[in-house]
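Notes to accompany the following structure.
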Amino acid sequence: MSKFEHKFSLKSSSDCTRIYNENDINVRIDFVSKSCIRVAVIKNGCKVLPTFAVNSSNELSRNGRSRLSNDGFETASPKVVKEAENEKIVLNSQITIELSLNNFQLKYYMNNKLLFKDREPLAYNFENEFGSAAYHYISREAGERVFGLGDKGGELNKSGRAFRIETADSMGYDAKNTDILYKHIPFYICENSVGCYGIFYDTSDTSYVDLGNELNNYYEPYKYFKTDDDALVYYVFFGTKLEILQQFSHLCGKQAFPPKWSFDYCASTMAYTDAPDSESKMNEFLQKIKDVNLSCGGFYLSSGYTSIGNGRYVFNWNYDKFPNPKEFIKRFSDNGIEIIPNIKPAFLTDHPMYNDIAERGLFVKNPDSSPFITRFWDGNGSYLDFTNKNAYDFWSEQLTEKLLDSGVKATWNDNNEFDIKDTDALCKGFSDSNVNASRIRPVLTYLMVMSSYEAQIKKYPDLRPFLSTRSGGIGVRRFAQTWSGDNRTNFKDLRYCHNIGLTMSISGLTFYGHDLGGFSGDMPSRELLLRWIQHGIFEPRFTIHSWNSDGSATMPWSYPDIIESVSNLFAQRKQLLPYLYSAAYDSVEKNLPINAPLCFYFDDENINTESDSFMFGQSILVSFIFDEGRENVNVYLPKDENWYLDDKLYIGGQEKELTISPKSRMPYFIKSGSVIPTDEGEYGFESEEKLVFTVYPIQNGSFESEFFTDDGISFDYKNNVCVKLKFFVECCENEVTVKYKNLGKIHMTPQLCLCDADSRKFKVISE
């Protein structure tokens, strides 16, 4: 019999699971929900590593969970009809799955139309028909669109391209062309002429995905996933693009809810901590931001604070630069600015603590148990083995002793790609046997961040921890926010970082941002800096960070002649913070992205996937300028909606040209049927919030809107110690009536007004 012919038969079944077998190959289907299935292809004797990505119940575990576990799932029991060598599985009213037991071929139908299928005649690498590694081939339709895969660059639609799924310290990357970057997220959403589906390959191994770059005359058009993993485990989701994203996000666990201060401007630069007079530079910053009267919530402290000579040594304070770290941190905290210090998971071989750590056996090891040594920033070093409980605890202890005990309340987990590809490098693993470090690199990142998180929770049990991580798989969303890494100071990177950010957002990493202005390269021009700031206003992370080639620091006041424009843009960010913070809560509780392409919310064939617009929350549409010397942009307004801009109402389904000077505040459209909270208090370094709710009505009918806020720092909101306003808006020919009630325990009487574009009578009623 040909290797390309495999006859499977049903081995066992239950309400939510069916297992099939052919010789030493087992294929398992789990019906995870009414709109999601999991498929696992596993050979006898295969060691299936645990997952750290799937965790719908949000449990903290250093050992992950079984990749085949159904715990926490709302499993389904579909109808199964046997037809000779086939089975028909009715998953829900829209989705039917046909299974051919010959070569285990799956076909997925939506409303009786073929949505996609396994590639014929063989989709899986059962007996090395496609060489080594695990493969999954599926059909590809001309013109389909593909979204996701984490922080991938280039166009938003990834169809026709191929990507490696692993991580690297991609310093100064090209945002259009560089692959790989920092994240390991083998998840994408595909939209074709029939509908949408999403696929998540649950593996921490180095992988590769081809979305139509490869052609082969012997097969119909296809795309495929390849992984070094011994097992192939993947999830298939059905629904709209937004519903698929929400399902995937729920599967991977809730995002950590960042404290409110982290959504304000957070400063950073390499230049200050690399300087010999670091604390003096930092004090100058503190005075300067007061002088120019800008609000600031945090300061990312770059790794120069740990220097010995030209090297950087984690958990080592350079006391020449910072004679009294505790006083320094308190000075900033007393002024409302939290210090967010950089920490790295590798120790250089000449680190003062290196030999002690090696003797305790806490590093990733060689087969002879000696520390595995590899390249790291400033020289050679060894990574901590976070699968080793002693190393995990050591990290938490050092973080507490060297930073948290000095008043630090937040951490910047950096350079944590765990660049280990040598298959001889070993970790302690999750049971009695060792694991190749190269197989679990994103898991090591996850455990590093989790160790930091637990240390912060233990030190400050009443405060929501703030962590930022550069690398990781999707599981890090349960602990930290992220950013797009070490981008460049040019207009090209501004344009394509727009796509990288959206791609992260629709891959489940909602709390993201960029190094505004660009991190690597020359000092950005006035125009480029302003354009970056205009873009950053509408993203969760609002940070200017730099390592300029001339040693300068990109700051809001880098060009004194434009500081007024910068201040106005910063004020606009602060004005929108109540709306952003409420959207952040919705992101945590409802798995809604804060930023998303228009096509994720509106079913409109006229929307350009690669437009310069995105949705900010569910109600604000904003477009940007990405080209030097240009000031005009054409904004498409999705049909079947009406849109407000300033004092005018526009009908959807048309383009509106906007002129946006680099020095001006950003215009944005507000969808009719919205209540938008803004902070109308006077802007500055010290200011009190003045909340105003503006109603943007529909022509006729009713709509609802919600608003959330709390103390911004604690977990009390989980006990309903918060404001949860619910607005019910009735729109008649001559009158707009708003009824509201507060479902939270914190009292608030909202100040409501009707937008300037509407002249109807306005009435407010408290229920």
Side-chain angles (χ1 to χ4, degrees), residues 240-243 245-246 249 254-255 257-258 260 262-264 477 481 498 501-514 534-542 572-602 607 611-624 635 637-638 641-645 652 665-680 689 691-698 703-710 712 717 722-727 729 750 755:
T240 66
K241 294 185 289 296
L242 183 61
E243 289 168 346
L245 173 58
Q246 289 178 292
S249 299
K254 279 189 177 183
Q255 296 175 110
F257 191 15
K260 188 179 290 185
S262 69
F263 293 98
D264 200 355
R477 70 186 242 119
Q481 58 101 275
H498 169 81
L502 284 177
T503 299
M504 286 194 287
S505 184
I506 58 178
S507 300
L509 297 176
T510 294
F511 296 124
Y512 78 94
H514 308 288
Q534 287 177 332
H535 196 269
I537 287 171
F538 300 94
E539 292 172 325
R541 178 187 187 263
F542 186 58
Q572 188 177 25
R573 167 70 173 198
K574 194 69 179 298
Q575 182 184 42
L576 287 167
L577 276 184
Y579 174 81
L580 170 58
Y581 189 68
S582 185
Y585 175 79
D586 286 343
S587 185
V588 171
E589 297 298 325
K590 302 176 184 178
N591 290 308
L592 290 169
I594 294 174
N595 298 136
L598 273 58
C599 63
F600 269 60
Y601 281 105
F602 305 102
I607 291 174
S611 77
D612 298 339
S613 304
F614 65 43
M615 291 302 296
F616 174 50
Q618 298 178 74
S619 298
I620 291 178
L621 188 163
V622 59
S623 290
F624 305 96
V635 184
L637 304 175
E641 300 287 351
N642 293 333
W643 300 89
Y644 291 90
L645 175 64
R665 282 194 172 205
M666 286 292 291
Y668 52 85
F669 292 89
I670 297 174
K671 183 168 68 74
S672 62
S674 302
V675 179
I676 304 296
T678 54
D679 180 359
E680 300 301 328
E689 184 180 71
L691 266 178
V692 175
F693 297 84
T694 304
V695 178
Y696 295 85
I698 57 178
F703 66 90
E704 297 180 6
S705 183
E706 297 178 352
F707 170 76
F708 169 89
T709 193
D710 67 344
Y717 74 94
C722 58
V723 175
K724 285 184 181 177
L725 290 176
K726 194 160 188 178
F727 300 100
V729 185
C755 68

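Note that the coordinates shown come from a computational prediction; the quantities given were computed from them, not determined experimentally.
- The two residues Ser249 and Asn591 come nearest to each other via the heavy atoms CB-OD1, 3.4 Å.
- Remark: side-chain polar atoms of Ser672 are not paired, donor with acceptor, to backbone N or O of Ile698 under 3.5 angstrom.
- Residues Phe669 and Val622 are not in side-chain contact: their nearest non-hydrogen atoms beyond the backbone lie 4.5 Å or more apart.
- In this structure, CD in Glu689 is found 5.0 Å from CG in Asp679, a value given to the nearest 0.5 Å.
- Side-chain atoms of Trp643 come within 3.5 Å of backbone N or O of Pro638 as a donor-acceptor pair.
- Note that OG of Ser613 and NE2 of His498 are 7.0 Å apart. Values are rounded to the nearest 0.5 Å.
- Closest non-hydrogen pair, Tyr601 versus Ala596, comes out as CE1-CB, 3.9 Å.
- Counting heavy atoms from C-beta outward, Arg665 and Gln575 have side chains that approach closer than 4.5 Å.
- Closest heavy-atom contact between Thr709 and Cys722: O-CB, 3.3 Å.
- Taking the six-membered ring where the residue is Trp, the centroids of Phe707 and Phe693 are separated by under 6.0 Å.
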Test log, rule side chain to side chain contact (heavy atoms under 4.5 Å, CB included), inputs Leu592 and Leu242: CA-CA 8 Å; Leu592 290 169; Leu242 183 61; 4.2 Å; yes
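- Separating the OG atom in Ser611 from the CG atom in Leu621 is a distance of 8.0 Å, to the nearest 0.5 Å.
- With a 4.5 Å cut-off on side-chain heavy atoms, Thr694 and Val675 do not count as touching.
- There is a side-chain donor-acceptor pair under 3.5 Å between Gln255 and Ser587.
- Looking only at atom types and distance, the side chain of Tyr696 has no donor-acceptor partner in the side chain of Asn642 under 3.5 Å away.
- Comment: Arg573 does not engage Glu539 in a salt bridge, judged by the lack of any side-chain N to carboxylate O separation of less than 4.0 angstrom.
- The side-chain tip of Lys260 points at the ring of Tyr581 from less than 6.0 angstrom away and within 45° of straight on.
- A donor-acceptor pair under 3.5 Å is formed between the side chain of Arg477 and the backbone N or O of Gly508.
- Without hydrogens or angle criteria, Tyr585 side chain to Lys590 main chain gives no donor-acceptor distance under 3.5 Å.
- For the atom pair CG of Leu576 and OG1 of Thr678, the computed distance is 7.5 Å after rounding to the nearest 0.5 Å.
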Test side chain to side chain contact (heavy atoms under 4.5 Å, CB included) applied to Phe614 and Leu502, step by step: CA-CA 8 Å; Phe614 65 43; Leu502 284 177; 3.8 Å; yes
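- Side-chain atoms of Tyr668 and Ile670, non-hydrogen and from C-beta on, do get closer than 4.5 Å to each other.
- Taking CG from Asn595 and CE from Met615, the interatomic distance works out to 10.0 Å, rounded to the nearest 0.5 Å.
- Distance check, rounded to the nearest 0.5 Å: CG of Leu691 to CD of Glu680 gives 9.5 Å.
- Under the 3.5 Å distance criterion, the side-chain polar atoms of Lys671 are left unmatched by any main-chain donor or acceptor of Ile620.
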Check against side chain to side chain contact (heavy atoms under 4.5 Å, CB included), Ser674 and Tyr644: CA-CA 10 Å; Ser674 302; Tyr644 291 90; over 6 Å; no
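- Ring centroid separation for the pair Phe257 and Tyr717 comes in under the 6.0 Å cut-off.
- When all heavy atoms are compared, the tightest approach of Phe727 to Pro750 is CE2-CG, 4.2 Å.
- No side-chain donor-acceptor contact under 3.5 Å links Gln481 to the backbone of Arg541.
- Proximity of the aromatic rings of His514 and Phe542 is defined here by a centroid distance below 6.0 angstrom, and this criterion is not met.
- In this structure, Glu704 pairs ionically with Lys726, as a charged nitrogen and a carboxylate oxygen lie closer than 4.0 Å.
- One finds a salt bridge joining Lys254 and Glu589 here, because a Lys/Arg side-chain nitrogen approaches an Asp/Glu carboxylate oxygen to under 4.0 Å.
- Residues Pro697 and Phe703 come closest through the heavy atom pair CA-CE2, 3.9 Å.
- Residues Phe708 and Asp586 fail the side-chain proximity criterion, which asks for heavy atoms closer than 4.5 Å.
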Audit row: Phe511, Ile594, side chain to side chain contact (heavy atoms under 4.5 Å, CB included) steps and yes/no: CA-CA 8 Å; Phe511 296 124; Ile594 294 174; 3.5 Å; yes
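- In this structure, Gln534 and Phe538 approach most closely via the heavy-atom pair O-CD1, 3.4 Å.
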